[in-house]
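Only one structure is covered here, and it is reproduced in the block below.
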Amino acid sequence: MNRPPITLYTDGACSGNPGPGGYGIILQCNGLEKELSAGFARTTNNRMELLAVIVGLESIKWENAEVNVYSDSTYVVKALNEGWLQKWVKTGFKKVKNVDLWQRFLQIYPKHKVSFHWVKGHASNPLNERCDRLAVAAGAGAVASGRILPQDQGFIAAEEECKLL
């Protein structure tokens, strides 16, 4: 079946590093749009940037989707576009941070045809700015809400399932 391409905008935010943080996601496909976000009481910016991509990809219902990911994270985009991730896998992730998330990423990434595009953050890109607002708001509400884990502990138990289309 010929399915339309999906646009995935992501952003992560953290107040302090580590500190309260969150991610924001906007998925667009065939005129439909979905926003997702979640916050954590103690995390890092790079974890939130990577988690946003993971959750966005996990939210797609079908496999082999054509997905264009837009992120202001050089950490994420360069890891994929410049081959860092392949090197990390070959070395068994020695001296690499966020191994749990990279391994989770490797479970979902091969299920789609994904292209990564870097966008400059805080540069008047409307979708990037919306993702940033979602991420900041999620992080700000992380501790007070009571529904988010007090610490970043792999994120498995804190996420809500979400589906696109």
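This one's a predicted model, so the numbers in the text were calculated from it and none came from an experiment.
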Review point. Closest approach of A52 and Y23, non-hydrogen atoms and distance?
Key: CB-CB, 3.7 Å
Practice item. Group every Ile, Leu, Val, Met, Phe, Trp and Tyr by side-chain heavy-atom contacts under 4.5 Å, then state whether F116 and I26 land in the same group. Key: no
Revision key, fill the gap. dist Q28:CD -> E33:CD (nearest 0.5 Å) comes out at 4.5 Å
Practice item. Would you tell me whether N98 and Y75 have side-chain atoms, one donor and one acceptor, within less than 3.5 Å of each other? Key: yes
Review point. Donor-acceptor pair, W118 side chain versus V77 backbone, under 3.5 Å?
Key: no
Practice item. Could you tell me which non-hydrogen atom of H112 sits nearest to which non-hydrogen atom of I60, and how far apart they are? Key: CE1-CG2, 3.8 Å
Practice item. For R104 and E58, run salt bridge (charged side-chain N to carboxylate O under 4.0 Å, His left out): C-alpha distance rounded to whole Å, both residues' side-chain angles, the deciding distance at 0.1 Å, then the answer. Key: CA-CA 10 Å; R104 182 171 163 187; E58 289 174 346; 2.7 Å; yes
**Study point:** Heavy-atom closest contact (A13 atom, M48 atom, distance)
**Key:** O-CG, 3.7 Å
**Study point:** Considering all heavy atoms, the nearest T43-N17 contact
**Key:** O-OD1, 4.3 Å
Review point. Is the centre of the F105 ring less than 6.0 Å from the centre of the W88 ring?
Key: no
Review point. Minimum heavy-atom separation for V76 to W102, with atom names?
Key: CA-CH2, 4.4 Å
Practice item. Group every Ile, Leu, Val, Met, Phe, Trp and Tyr by side-chain heavy-atom contacts under 4.5 Å, then state whether W84 and V53 land in the same group. Key: yes
Study note, to complete from the structure: The side chain to side chain contact (heavy atoms under 4.5 Å, CB included) partner of L8 among L127, I25, V55, V114 is I25
Practice item. Identify the two heavy atoms, one from P5 and one from C29, that lie closest to each other, and give their separation to 0.1 Å. Key: O-SG, 3.7 Å
Review point. Is it true that R130 and E35 make a salt bridge, defined as a side-chain N closer than 4.0 Å to a carboxylate O?
Key: yes
Check your understanding: Can you tell me how far the CG atom of L57 sits from the CD1 atom of I108, to the nearest 0.5 Å?
Key -> 6.0 Å
Exercise for review: Give a yes or no on whether the backbone of G12 and the side-chain of E49 come within a donor-acceptor separation of less than 3.5 Å.
Suggested key: yes
